[in-house]
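For the numbers below, each heavy atom of this structure counts, side chains included, while hydrogens, waters and symmetry mates do not.
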Amino acid sequence: EVQLQASGGGLVQTGGSLRLSCAASGFTFHDYAIGWFRQAPGKEREGVSCISSADGSTYYEESLKGRFTISSDNAKNTVYLQMNGLKPEDTAVYYCAADSPSQWSSEYYCLYGMDHWGKGTLVTVSS
């Protein structure tokens, strides 16, 4: 059974940083796709950043490039999202999601979602 546990959310001031973590189990970190999504109040869910082993790609939502960085520690089966220069519009519930085996590009997964989802972690950026 795939399980994803996201953590690291909280309250931060504009310009601050947070690092989200997603501990994954139930699948191999050798053939996988994993990523971060977010949903702000009253808005649709959007893909933030995804990794796919199918083509070795990494995708970032265009407006987040340069501020957010996704990384993975395969030994710990954990993926991280480093968020810098946070803005009030980054306020959302952030979700970790995964798919294994990986079949599509990271962009595809970020656009269309993945099979397995964890509970979200709330990020609030105050102005």
ILVMFWY cluster, [X] and [Y] together (side-chain gap under 4.5 Å):
X     : Y      : answer
Ile70 : Val93  : no
Val2  : Met114 : no
Leu4  : Val123 : yes
Tyr60 : Leu18  : yes

Which distance, rounded to the nearest 0.5 Å, do you find between the [atom1] of [X] and the [atom2] of [Y]?
X      : Y      : atom1 : atom2 : value
Arg38  : Leu122 : CZ    : CG    : 12.5 Å
Met83  : Arg19  : CE    : CZ    : 11.5 Å
Lys43  : Thr91  : NZ    : OG1   : 10.0 Å
Ser106 : Ile34  : OG    : CD1   : 13.0 Å
Lys87  : Thr14  : NZ    : OG1   : 10.0 Å
Trp36  : Cys110 : CH2   : SG    : 12.0 Å

Could you tell me if the side chain of [Y] sits less than 4.5 Å from the side chain of [X], heavy atoms only?
X      : Y     : result
Tyr108 : Cys50 : no
Gln82  : Ser17 : yes
Val48  : Leu64 : yes
Phe68  : Leu86 : yes
Thr121 : Ser7  : no

query: Any side-chain donor-acceptor pair under 3.5 Å between Ser57 and Ser105?
result: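 No pair is found: no donor N or O on one side chain lies under 3.5 Å from an acceptor on the other.
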task = Would you please say whether a donor-acceptor pair under 3.5 Å links the side chains of Ser102 and Asp31?
result =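 Result is no, nothing qualifies.
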Main-chain N/O of [Y] paired with [X] side-chain donor or acceptor, under 3.5 Å:
X      : Y     : result
Tyr109 : Ala98 : no
Ser21  : Tyr80 : no
Ser49  : Tyr59 : yes

Does the ring centre of Trp104 sit less than 6.0 Å away from the ring centre of Tyr112?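 They do not qualify: ring centres at least 6.0 Å apart.
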>> Are more than 12 heavy atoms, taken from residues, nucleotides or ligands other than Glu89, located less than 6.0 Å from that residue's CD atom?
In response: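 Above 12, so yes.
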**Asked** Which of these, Thr78, Val79, Leu81, Leu20, sits in a side chain to side chain contact (heavy atoms under 4.5 Å, CB included) with Cys96?
**Response**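 Result: among Thr78, Val79, Leu81, Leu20, Val79 is the only option passing the side chain to side chain contact (heavy atoms under 4.5 Å, CB included) with Cys96.
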query = Using the ring of each side chain (for Trp, its six-membered ring), is Tyr95 parallel, tilted or perpendicular to Trp117, with breaks at 30° and 60°?
reply =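 If you compare the ring of Tyr95 with that of Trp117, the planes turn out perpendicular.
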* Please name the pair of heavy atoms, one in Gly85 and one in Arg67, separated by the smallest distance, quoted to 0.1 Å. =>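 Reported closest heavy-atom pair: O-NH1, 2.9 Å.
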